[in-house]
Peer 1: 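Handing you a structure now.
Index from 1, following the sequence.
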Amino acid sequence: MDYQKIINIAVIAHVDAGKSTLVNAFLKQSHVFKDNEKVVDCIMDSNDLERERGITIYSKNCSVQYKDYKINIIDTPGHADFSSEVERIIKTVDTVILLVDSAEGPMPQTRFVLSKSLECGLRPILLINKMDKQDQRATEVVDEVYDLMLELNATDDQLDFPILYGVAREGIVRYEWTDKNNDIVPLFETIIHHTQTYPNLMDEPVQMQISALAYDDYIGRLGIGRVYKGTLKEATEYEVCNANGNAHKGKTNQIFLYKGLSRIPASEIQCGEICMISGIPDIDIGDTLCPVGAPDPMPAIKIEEPTLSMNFMVNDSPFAGQVGKYVTSRNIRERLDKELEVNVGLKVENTDSTDTFKVSGRGELHLTILLEQMRREGFEIAVSRPQVILKKINGVTCEPVEEVVIDVPNEYSGSVISTLNVRKGLLNNMEDQGTYTRITYMVPTRGLIGFRSDFINMTHGEGTLVQRLADYEPWKGEIPQRENGALISTETGGAMTYALWNIQNRGQMFIDAQTPVYEGMIVGVSSKNMDMGVNPIKNKKMTAVRSTGNDEAMKLVPPKVLTLEQAIEFINDDELVEITPTDIRIRKKYLTAVERRRHARELGKIEDESDD
């Protein structure tokens with residue numbers, strides 16, 4: 001086969017900096033789409049959840065042709081919870097395009113992904129995006145990137161990076177913002193002049209390492225990775241070397257290349273290419289394919305350990321099984337096993353109970369994305385409050401600590417600082433940015449569970465908060481949980497307007513009239529710091545109806561409808577979130593007041609719960 005010039009690039013940035021939009025511009029200006037084809041925004045975000053949330057969750061591959069070069073492009077996630085995807089992808093590329101917002105500058109996740117690319121010896125290309133912003137400060141942002149790279153011990157070669165300016169949404173990249181071109185040709189030219197093409201090693205013994213996994217219902221488990229040496233062929237037996245140094249034989253079935261947005265079958269694939277293979281059912285991250293009898297494994301790929309765990313349980317509420325298709329522990333276990341095929345940042349363990357599984361992930365978002373997917377697939381499940389995963393380091397119990405960067409209007413900065421102090425946070429930096437203040441904190445992961453909802457309320461929705469795992473530090477001590485108690489239903493039935501009208505004076509409601517409720521279900525948050533039993537199905541006695549005009553009009557305050565993330569942040573250790581395809585409910589672990597009192601006595605606590 002003829003040697004093709006290949007360059008692999010990854011687009012890395014903080015969440016919402018414009019990575020997927022830039023990939024769109026690559027595809028449009030490479031004429032991947034037909035003239036009459038309608039192109040949606042962020043076409044690489046093909047998953048429903050990605051489109052709804054406007055974030056990239058899974059890294060994806062595509063390719064474009066420029067002159068006689070084939071450029072493979074990888075769109076990476078920007079959120080810290082999916083950073084394990086980014087780490088592995090960096091190893092398969094020749095350069096990275098570091099995308100930085102012209103106003104925000106480098107953010108915590110920018111630091112993480114940049115450090116990984118510098119460790120791999122890559123020379124980045126800096127693209128200052130969103131130059132059309134009124135508050136753009138490109139010159140200062142470039143200086144901040146230089147400072148960041150010096151902090152990360154970049155070499156002189158890496159510090160000599162090209163700088164481009166653009167608006168990815170408009171498909172414009174320029175050498176200087178004052179230039180007049182309205183395309184991304186400067187970026188294409190910079191890539192081919194700044195980056196060396198992959199060397200021609202087609203005559204050497206084949207060597208391919210798996211960096212990502214996928215699954216197809218028809219052809220099974222798929223391995224995605226780069227061919228580093230030689231030529232990979234379909235329907236051929238290879239030696240598969242794993243991270244432990246063990247080797248076994250495996251035979252490829254079909255092999256696929258990326259062309260535009262499609263994967264196309266090929267008979268053989270040259271070195272330098274990113275490709276997908278099928279036929280080896282136990283293929284795993286870091287496995288190396290070599291010729292039979294000549295194992296030559298590449299260095300193992302380290303996968304970051306999970307930091308947060310939750311218990312996934314069979315839903316045993318009085319309303320269990322009414323709307324879900326998959327409700328048994330066997331269904332849940334099979335679904336989690338299927339997720340483990342592709343989601344390598346996830347860990348699933350059995351517990352003492354056959355109905356409960358301990359699921360560990362990289363963060364709250366990592367786990368709630370999985371729960372949301374299961375809910376849409378027809379699963380019913382109950383989950384507990386997230387718990388951090390502790391480590392013993394030199395005999396000392398340590399917990400994960402996160403770097404948090406907050407941009408908040410000046411008038412709200414005081415309340416944010418005092419709240420984070422209570423949550424055992426340590427103020428690192430604080431700088432004035434006009435009407436906003438940028439605050440940098442180091443906060444235990446435990447202290448951030450449930451903080452985002454409080455933060456939105458404190459800042460009236462005007463603040464932004466980003467976080468990344470920084471390190472493990474010694475245990476910081478107890479952190480206060482939710483201050484307010486819960487309004488707990490004492491009856492089962494349909495909620496009545498008359499009852500809710502009387503209850504709403506005692507707190508914020510989560511339900512509306514006619515909502516089905518059961519004993520032990522949490523129907524609202526109390527205005528006091530204690531749980532309160534209420535009867536939401538109580539109706540007005542027929543004998544108490546007065547003549548028209550004399551009866552008091554009953555107007556209900558609109559309830560607060562909790563999303564899945566808000567519900568998981570809200571609950572305490574003695575509560576669960578019940579997740580079904582149609583509803584998200586909050587409940588007590590022990591549904592009756594008698595069970596709750598008995599359990600409280602066993603723990604040596606006195607539960608104060610008054611009945612209404």
Peer 1: Side-chain donor-acceptor pair under 3.5 Å between N484 and S526, yes or no?
Peer 2: no

Peer 1: Charged N to carboxylate O below 4.0 Å: is that the case for R438 and D407?
Peer 2: yes

Peer 1: Do I584 and R375 come close enough that some side-chain heavy atom pair is under 4.5 Å?
Peer 2: yes

Peer 1: Side chain to side chain donor-acceptor pair (under 3.5 Å): which pairs involve residues 143-153, sequence neighbours left out?
Peer 2: R111-E151, R137-E144

Peer 1: Does atom NZ of K133 have more than 12 heavy-atom neighbours from other groups under 6.0 Å away?
Peer 2: yes

Peer 1: Can you name the closest pair of heavy atoms from P124 and L114 and give their distance?
Peer 2: CG-CD1, 4.4 Å

Peer 1: Please say whether more than 12 non-hydrogen atoms of neighbouring residues, nucleotides or ligands are located less than 6.0 Å from NZ in K347.
Peer 2: no

Peer 1: Nearest 0.5 Å, what's the CG-CG distance between L127 and L99?
Peer 2: 5.0 Å

Peer 1: Kindly determine whether K358 and T356 satisfy side-chain contact (heavy atoms from CB on, under 4.5 Å), including the steps that lead there.
Peer 2: CA-CA 7 Å; K358 182 182 177 184; T356 305; over 6 Å; no

Peer 1: With distance as the sole test, does R123 use its side chain to make a donor-acceptor pair with the main-chain N or O of I125 at under 3.5 Å?
Peer 2: no

Peer 1: How far does NZ of K391 sit from CD1 of I389, to the nearest 0.5 angstrom?
Peer 2: 9.0 Å

Peer 1: Looking at M310 and L371, what are the two nearest heavy atoms and their distance?
Peer 2: CE-CD1, 4.0 Å

Peer 1: For the residue pair E565 and E364, establish whether any side-chain heavy-atom pair is separated by less than 4.5 Å.
Peer 2: no

Peer 1: I'd like to know if R596 and D531 make a salt bridge, using a cut-off of under 4.0 Å between side-chain N and carboxylate O.
Peer 2: no

Peer 1: Heavy atoms, side chains only, cut-off 4.5 Å: are D287 and N242 in contact?
Peer 2: yes

Peer 1: Using side-chain contact (heavy atoms from CB on, under 4.5 Å), reason through L346 and L367 one step at a time and then give a plain yes or no.
Peer 2: CA-CA 9 Å; L346 203 69; L367 295 171; 3.9 Å; yes

Peer 1: With side chains defined as the heavy atoms from C-beta onward, is the minimum distance between V416 and T419 less than 4.5 Å?
Peer 2: no

Peer 1: Can you check whether P444 reaches V388 side chain to side chain, under 4.5 Å on heavy atoms?
Peer 2: no

Peer 1: State whether the side chain of N8 and the backbone N or O of T92 hold a donor-acceptor pair below 3.5 Å, judged by distance alone.
Peer 2: yes

Peer 1: Answer yes or no: is there a side-chain heavy-atom contact under 4.5 Å between L390 and E399?
Peer 2: yes

Peer 1: Looking only at atom types and distance, does a side-chain atom of S384 sit under 3.5 Å from a main-chain N or O of N311, one as donor and one as acceptor?
Peer 2: yes

Peer 1: Does the side chain of E380 come within less than 4.5 Å of N331's, by heavy atoms?
Peer 2: no

Peer 1: Any side-chain heavy atom of V443 within less than 4.5 Å of one from E402?
Peer 2: no

Peer 1: Evaluate the side-chain contact (heavy atoms from CB on, under 4.5 Å) criterion for residues Y472 and T307: first the C-alpha distance (whole Å), next the side-chain angles of each, then the deciding distance (0.1 Å), finally the verdict.
Peer 2: CA-CA 10 Å; Y472 274 77; T307 58; 3.9 Å; yes

Peer 1: Closer than 4.0 angstrom, basic N to acidic O: yes or no for K338 and E334?
Peer 2: no

Peer 1: Okay, side chain of E575, backbone of N572: is any donor-acceptor separation there less than 3.5 Å?
Peer 2: yes

Peer 1: Any pair with a residue in residues 386-406 that passes ring pair (Phe, Tyr, Trp, His ring centres under 6.0 Å), sequence neighbours left out, goes on the list, sorted by first then second residue, please.
Peer 2: none

Peer 1: Does a donor on one side chain and an acceptor on the other come within less than 3.5 Å for Q387 and D573?
Peer 2: yes

Peer 1: When rounded to the nearest 0.5 angstrom, what is the spacing between CD1 in I449 and CD in E569?
Peer 2: 9.0 Å

Peer 1: Does N410 use its side chain to pair, donor to acceptor, with the backbone of T437 at less than 3.5 Å?
Peer 2: yes

Peer 1: Are F357 and F312 close enough that their ring centres sit under 6.0 Å apart?
Peer 2: no

Peer 1: Evaluate side-chain contact (heavy atoms from CB on, under 4.5 Å) for R226 paired with S211, printing each intermediate quantity in order.
Peer 2: CA-CA 8 Å; R226 188 175 201 175; S211 57; over 6 Å; no

Peer 1: Looking at L222 and I283, what are the two nearest heavy atoms and their distance?
Peer 2: C-CG2, 4.4 Å

Peer 1: For the atom pair CZ (F570) and CZ (R385), what is the distance rounded to the nearest 0.5 Å?
Peer 2: 11.0 Å

Peer 1: Using only atom types and a distance under 3.5 Å, with no angle test, would you say the side chain of Q158 pairs donor to acceptor with the backbone of L118?
Peer 2: yes

Peer 1: Working to the nearest 0.5 Å, report the span between CG of N72 and CD1 of I274.
Peer 2: 5.0 Å

Peer 1: Please, which pairs that meet ring pair (Phe, Tyr, Trp, His ring centres under 6.0 Å) have at least one residue in residues 415-463, sequence neighbours excluded?
Peer 2: Y412-H460, F451-F455

Peer 1: Can you tell me how far CD of E578 sits from OG of S317, rounded to the nearest 0.5 angstrom?
Peer 2: 3.5 Å

